[in-house]
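Have a look at the structure below before the remarks.
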Amino acid sequence: MAKQTNIRLDEDVKAAAEDRAKRRGLSLQGYVADLIEADVNQSRAAFMAGAASFLAAYTDTFEAEIGEDRYPGLPDQPAKTGSRDAA
């Protein structure tokens, strides 16, 4: 569900934003929402690419240090599914 957010803009900035929104066939609200979403998605994509690159570069180091058990403390065997033990 979308949430409402209020922002304050200088009059000149607001006028320029309204003009750009109109040229794109958007409301000011739609234009601002699109700008924010694009920025967030771009930042998220850059972070994920950086994280993937980091993990790829250091996979051998991590496996040498930690081993293949990526979740220490978990049981060696996967839990059986489909039934529950009675308490």
Side-chain angles (χ1 to χ4, degrees):
M1 179 187 305
K3 298 285 185 173
Q4 182 174 341
T5 301
N6 295 317
I7 59 171
R8 293 182 190 277
L9 300 172
D10 292 326
E11 289 181 31
D12 292 341
V13 172
K14 182 180 181 216
E18 287 173 330
D19 182 56
R20 290 190 180 203
K22 184 177 179 181
R23 285 189 274 154
R24 289 179 170 87
L26 297 170
S27 65
L28 179 60
Q29 176 182 336
Y31 175 65
V32 171
D34 284 356
L35 289 174
I36 293 170
E37 186 174 342
D39 184 60
V40 167
N41 288 337
Q42 182 180 6
S43 296
R44 183 179 297 133
F47 172 80
M48 294 302 289
S53 176
F54 175 83
L55 290 174
Y58 291 97
T59 296
D60 293 339
T61 303
F62 291 143
E63 287 188 4
E65 182 72 25
I66 300 171
E68 291 187 27
D69 181 9
R70 300 201 194 302
Y71 303 100
L74 290 181
D76 290 337
Q77 298 296 322
K80 293 181 182 178
T81 59
S83 65
R84 294 185 177 195
D85 295 330

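One distance of note links CD of E18 with CG of L26; it measures 13.0 Å at 0.5 Å rounding. Annotation: the span from Y31 atom OH to R23 atom CZ amounts to 8.0 Å, rounded to 0.5 Å. Summarising the geometry, atom OG1 belonging to T61 is positioned 11.5 Å from atom CG belonging to L55; distances are rounded to the nearest 0.5 Å.
The same ILVMFWY cluster, assembled from side-chain heavy atoms under 4.5 Å apart, contains both L28 and V13. Under a hydrophobic-cluster definition in which Ile, Leu, Val, Met, Phe, Trp and Tyr are linked whenever side-chain heavy atoms come within less than 4.5 Å, directly or via other members, M48 and F54 are assigned to different clusters.
With S53 contributing its side chain and A49 its backbone, the two residues share no donor-acceptor pair below 3.5 Å.
Heavy-atom minimum distance, S27 versus A21: O-CB, 3.6 Å.
Between K14 and D10 no salt bridge is recorded (no basic side-chain N to carboxylate O distance below 4.0 Å).
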